[in-house]
Amino acid sequence: MKKVSVIVPCYNVAGYLDKCIRQILSQSMGTEYIDLILVDDASTDGGETKKLIQRYEQCYPEIITAVFLEENMKQGGARNVGVSYAGGEYITFCDADDWLLEETLEHTYDAAKEYDADMVSFERKYVNRRDDFISLEKGDGNRLYELDIPQARKEFLVNMKEDLSSQNKLFRLSFIRENQIAFAEHFFMEEASFTIPARLYAKRSLYLDEKLYICYLSPESTMRSQDWESRKWDNLQVWLRLMEELSIRGILEEYRQELEYLFFSQGIGWGVTYIFQKGGILTKKEWEFLTDIIRKMIPDIRENPYVKCEDTPLNKARNDLLFAALDMNFTVADEMTKERIK
């Protein structure tokens, strides 16, 4: 068995993918322990991404598995397909325009084995250049989370020091499959659909205070290049589906206060903030629809202990904005607006 499967979703990334692959093939762990899965998410760049993937697969057939999708499924769907091909004991995800330090897989895998962790989280370093040499930066904040009692899990759920991204994490593959954890497909901002269930089911999670994931601030990345007016409700849709799924799984009630807080702050508050950051606007009808969702799904959110004790300035500001909207007594959104948001 391979030690780690690295899953890379690829969409029109011929100009970036080469470095991502080369860094994975240069891991200090040794390529004999690595399984690299490249998923071409129906690229539309005249076959350039596909040709690059095929060339690497031909050179490294024992390491690289190439998968070519006929339908664009967005990153979540491409990652799900990659997981289905994975054969490593652990899996991790890397975006095609980012890369891993040479020590990343060795450090995270060894730590996972030492502490018998279902998840290992680590830090990211953000860069604007792709040609600089980057050495490992370590802190002294390593922490093991033992999630054997509900209170420990509650604290872990709302700990936003470890973000909801999937790329800067290592997951035990059997744990992911046994708990049927998967990404929402056909949406942007899909990360929470995978990492929140992982937080709910993990028995042990380790945080490594090491900058092992290099995030390139590409102007062509999904988060910077898309038409956000047409995708601005993706984050909310992902969270609505997530809350429904957790209810069906029978896990929502035990952690209701924590999950309602996350839905309010990350699903609604963060989504609205990002719309504004992208220069978008919300119409009166759209505000009506949002406040209707809050009233129906989380009617007691003002009394939520995590909301009441919120001390992060940005989170508190957007919570206050949502409460102000609630106080305006909007009526329920009309069917046209509901249909638009769907």
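Note that the structure is a prediction, hence the values are computed from the model and not measured.
- In this structure a side-chain-to-backbone donor-acceptor pair under 3.5 Å is present from Arg204 to Tyr115.
- Between the side chains of Glu185 and Asn80, at least one donor N or O lies within less than 3.5 Å of an accepting N or O.
- Using modelled atom types, one finds a donor on one side chain and an acceptor on the other under 3.5 Å when comparing Asn72 with Asp41.
- In this model, no donor atom of one side chain and acceptor atom of the other lie less than 3.5 Å apart for Tyr261 and Gln266.
- Closest heavy-atom contact between Lys232 and Ile281: NZ-O, 2.8 Å.
- His186 has its side chain within reach of Glu71: a pair of non-hydrogen atoms, C-beta onward, lies under 4.5 Å apart.
- Remark: the Tyr255 side chain and the Arg199 side chain contain no N/O donor-acceptor pair separated by less than 3.5 Å.
- For Ser165 and Asn168, the side-chain atoms include no donor-acceptor pair closer than 3.5 Å.
- Using a 4.5 Å heavy-atom threshold, the side chains of Glu162 and Tyr145 count as touching.
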Yes or no on side chain to side chain contact (heavy atoms under 4.5 Å, CB included) for Leu262 and Trp239, after CA distance, side-chain angles and deciding distance? CA-CA 9 Å; Leu262 291 171; Trp239 275 92; 3.8 Å; yes
Tell me, with the steps shown, if Arg79 and Glu191 meet salt bridge (Lys or Arg N to Asp or Glu O under 4.0 Å). CA-CA 11 Å; Arg79 292 192 189 109; Glu191 306 281 357; 3.5 Å; yes
Can you list the steps and then say if Asp118 with Lys203 is a salt bridge (Lys or Arg N to Asp or Glu O under 4.0 Å)? CA-CA 7 Å; Asp118 290 320; Lys203 296 178 181 177; over 6 Å; no
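- Put simply, the side chain of Leu290 reaches to within 4.5 Å of the side chain of Leu236, judged on heavy atoms.
- Gln257 and Tyr306 form no side-chain donor-acceptor contact under 3.5 Å, judged by distance and modelled atom types alone.
- Counting heavy atoms from C-beta outward, Leu259 and Ile196 have side chains that approach closer than 4.5 Å.
- Sorted by first and then second residue, the ring-ring contact (aromatic ring centres under 6.0 Å, His included) pairs with a member in residues 62-102 read Tyr90-Tyr109, Phe93-Phe183, Phe93-Phe194; sequence neighbours excluded.
- Under the 3.5 Å distance criterion, with hydrogens and angles disregarded, no donor-acceptor pair is assigned to the side chains of Asn319 and Ser265.
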